[in-house]
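Single-structure report; data block below.
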2 protein chains.
Amino acid sequence: MMGKITIRDVAREAGVSISTVSNALNDVDVLNPATKSHVLKVAQRLNYVPNLNGKQLKSGKTMMLGFFTTSVTGPYFYKLVESMSRQCDRLGYGLNVFVTKDKQVVMSNILGRRVDGVIIYEELGINDKDIHAMNKENIKAVFLDRVLQKESMGSIIFDSFEAGYEATKYLIGLGHKKIAYISGVDTMFDSVQRREGYLAALRQYSLPVSEDYILQGYFEEESTFNAVKSFIRAFPEKLPDAFLAGNDLSAIGCIQALKSHGYEVPLDISVMGFDDIDIAQYYSPPLTTVRNQIARQGILTIDHLVRMIQKKEQGNAQKLKGEIIVRGSSHVKFDRNDQM
Amino acid sequence: MMGKITIRDVAREAGVSISTVSNALNDVDVLNPATKSHVLKVAQRLNYVPNLNGKQLKSGKTMMLGFFTTSVTGPYFYKLVESMSRQCDRLGYGLNVFVTKDKQVVMSNILGRRVDGVIIYEELGINDKDIHAMNKENIKAVFLDRVLQKESMGSIIFDSFEAGYEATKYLIGLGHKKIAYISGVDTMFDSVQRREGYLAALRQYSLPVSEDYILQGYFEEESTFNAVKSFIRAFPEKLPDAFLAGNDLSAIGCIQALKSHGYEVPLDISVMGFDDIDIAQYYSPPLTTVRNQIARQGILTIDHLVRMIQKKEQGNAQKLKGEIIVRGSSHVKFDRNDQM
DNA sequence: CTTCGCTATAAAAACGTTTTTATAGATAAA
DNA sequence: TTTATCTATAAAAACGTTTTTATAGCGAAG
């Protein structure tokens with residue numbers, strides 16, 4: 001029978017003006033306390049819930065942040081979403097996840113002011129023109145896993161160079177001297193950075209850098225399996241002390257190949273990956289790997305975005321270090337000759 | 001310098017009224033085609049993007065569905081979100097994921113009309129009064145994993161009773177007689193239903209039902225690991241033929257515990273889980289489990305909700321059957337005594 | 001006494017749309 | 001020729017808020 005209860009209904013019922021109701025509800029401190037509590041009581045009694053569209057239209061604020069991503073599949077995303085939404089809660093914002101591949105959808109939601117600020121996962125195809133449009137509208141954004149050209153926006157990314165560097169340093173610390181790298185997909189930023197870090201560490205410790213020690217594994221188990229097998233067949237005498245694989249899947253493929261040739265990991269050869277995927281700890285041997293601090297990325301992202309919104313701060317680029325997780329696939333260099 | 005471009009700016013620039021602009025943009029077929037294309041061209045040139053709050057305030061529609069959940073962690077959720085958002089796309093809706101534990105947030109977003117319809121994951125504490133409020137506002141909702149009291153709302157749930165029943169029947173079919181159940185979280189509907197199904201199957205086949213054979217694993221690997229270990233220590237002579245774990249994580253914890261005591265799975269004891277999580281097939285041994293058709297649940301959910309919204313259909317309750325996936329963690333009963 | 005300023009509230013404007021109603025001009029019917 | 005109908009567009013109202021501006025009442029300062 002009775003339709004939606006509006007602020008007008010509350011005003012009439014409480015015998016005051018709608019501005020008074022608004023002030024009471026929004027805790028604006030200009031009202032007589034008695035009036036305020038009376039209004040609140042009436043609102044409660046009528047089960048009044050403000051219409052957010054009206055509210056947001058006028059105020060220009062939604063107190064919502066939007067996370068735009070092409071996918072939400074896999075542990076990376078749910079860990080990220082989990083930590084971001086928790087942090088939003090703390091700061092009084094809501095987090096809204098939009099799963100879409102359509103850039104049009106993204107831009108119309110952003111410029112259409114459905115949210116106060118946005119987190120954008122790479123690969124949505126947001127370009128300079130889009131960023132310019134956002135800037136013009138004074139919309140704040142933080143990008144994940146993307147190097148930003150525009151100073152105006154924020155970005156919180158993992159430092160893959162540092163990760164590659166540290167991982168290699170760790171292997172060197174175990175006494176390994178001949179370290180091979182199994183590359184991922186060469187068009188991907190992460191892949192290239194990890195390799196550069198690997199090379200930098202080798203140079204730093206004056207270890208030989210050889211093209212032969214860079215294999216192509218394409219971030220996949222099978223490709224890596226084949227690549228390692230061909231390597232072993234081609235250079236049986238040049239077997240490295242350790243393999244640093246572009247990611248954990250690749251590390252698994254590498255270990256499978258070594259096993260199939262009768263080598264033991266980690267006794268004969270150490271193998272290390274990146275990402276710390278779920279399987280890493282269950283695999284045999286459990287993988288030594290570099291873990292990204294996803295929860296931390298989520299928290300920093302929200303903090304940064306909220307500062308940009310509330311304190312009108314400029315966006316900047318922050319890099320996160322990886323964390324080396326030592327498990328069973330790596331071992332201090334063990335020289336068979338010493339044994340004999 | 002120049003602020004947000006509104007429909008008014010487009011109207012002025014194109015030399016028409018704002019209603020004409022609105023009609024052109026919304027493809028209302030009353031305009032002279034020349035006028036329409038002219039207006040569209042101007043809108044394009046000005047990079048006009050409609051303000052969604054204004055739009056939604058007036059029209060009363062958002063073309064958005066909201067998924068409200070306490071958590072988004074784990075494969076169940078990302079598979080569900082993935083399939084729901086894909087189906088939303090197809091039907092011209094956007095899907096919005098709200099991760100929150102605060103019922104107040106949920107209700108204010110729902111009654112505040114931020115979305116046209118909602119999908120609610122259980123455990124948010126939505127009660128009859130809330131549902132009544134939604135009904136009064138004519139808001140459509142579909143509940144997941146929850147038995148509904150109110151006829152007016154929809155629900156698409158997995159038949160966990162059936163799943164528990166069928167899984168147990170499968171184990172019985174392998175020749176197992178002493179079957180233990182590792183319970184999940186007792187406040188969760190699924191957990192309780194699976195256990196009831198388990199009990200029903202035991203009764204059906206006149207097998208003994210014992211309280212000792214119901215362990216508490218809380219749907220977690222570690223809790224289950226500890227629970228199973230304590231069981232083994234407490235009743236070494238009463239070891240069951242098979243464990244039916246409340247979910248796959250629990251099954252893994254169970255197997256770890258059995259392994260640590262020197263038992264072999266499945267030769268000594270069969271273990272079975274629920275959910276078919278990603279690790280299930282990689283685990284050693286690969287898990288026998290009951291798979292829910294998550295993608296199907298997502299599609300049915302969206303379809304149902306959209307029908308309720310667009311065709312003003314009544315909500316109803318649908319149940320989905322699980323599918324038993326036989327892998328390496330279960331085996332026909334093998335009696336060591338026969339061997340000796 | 002005025003006048004000023006302050007307090008508590010009300011009234012009105014504004015946010016950016018869509019929708020409803022009005023209007024001018026053209027075409028068709030009488 | 002007049003009137004009615006239709007077409008294309010414009011004007012105005014409405015959606016439900018917040019924010020800005022106005023106002024009545026009152027105590028204090030001159």
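Nothing here was measured: the structure is a model prediction, and the numbers come from that model.
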ask   = Between CG of B:L300 and OG of B:S155, what distance do you get to the nearest 0.5 Å?
value = 11.5 Å

request  = Identify, residue by residue, the members of residues 18-26 of chain B with a heavy atom below 4.0 Å from DNA chain C, and return them in order of residue number, or none.
outcome  = B:I18, B:S19, B:S22, B:N26

task = Scan side-chain atoms only and decide if A:Y48 and A:E13 contain a donor-acceptor pair under the 3.5 Å cut-off.
result = no

task = Could you tell me whether the side chains of A:S17 and A:T20 share a donor-acceptor contact shorter than 3.5 Å?
result = yes

ask   = Does one side chain, of A:Q56 or A:R114, offer a donor that lies under 3.5 Å from an acceptor on the other?
value = no

key: By ring-ring contact (aromatic ring centres under 6.0 Å, His included) - contacts of B:F77 (at least two apart)   = B:Y121

task = Can you run down the salt bridge (charged side-chain N to carboxylate O under 4.0 Å, His left out) pairs that involve residues 80-94 of chain B, sequence neighbours left out, and say none if there aren't any?
result = B:E82-B:R86

query = First and last nucleotide of DNA chain D touching chain A, 5' to 3', heavy-atom cut-off 4.0 Å?
reply = D:dG16 to D:dT19

key: Separation between CD of B:Q293 and NZ of B:K79, rounded to the nearest 0.5 Å   = 12.0 Å

query = Bend across the helix from C:dC1-D:dG30 to C:dA30-D:dT1, to 10°, with axes taken over 5 pairs at each end?
reply = 70°

task = Would you mind reporting whether B:V99 and A:L95 have side-chain heavy atoms less than 4.5 Å apart?
result = no

ask   = Will you find, in the side chains of A:D303 and A:Q87, an N or O donor that is under 3.5 Å from an N or O acceptor?
value = yes

inquiry  = Counting only heavy atoms and a strict 4.0 angstrom limit, can you tell me which residues of residues 49-65 of chain A come near DNA chain C?
reply    = A:L57, A:K58

remark   = Looking only at heavy atoms, the pair that brings B:L144 and B:T301 closest together is CD2-OG1, 3.4 Å

request  = Please check if any side-chain donor atom of A:N316 sits under 3.5 Å from a side-chain acceptor atom of A:H304, or the reverse.
outcome  = yes

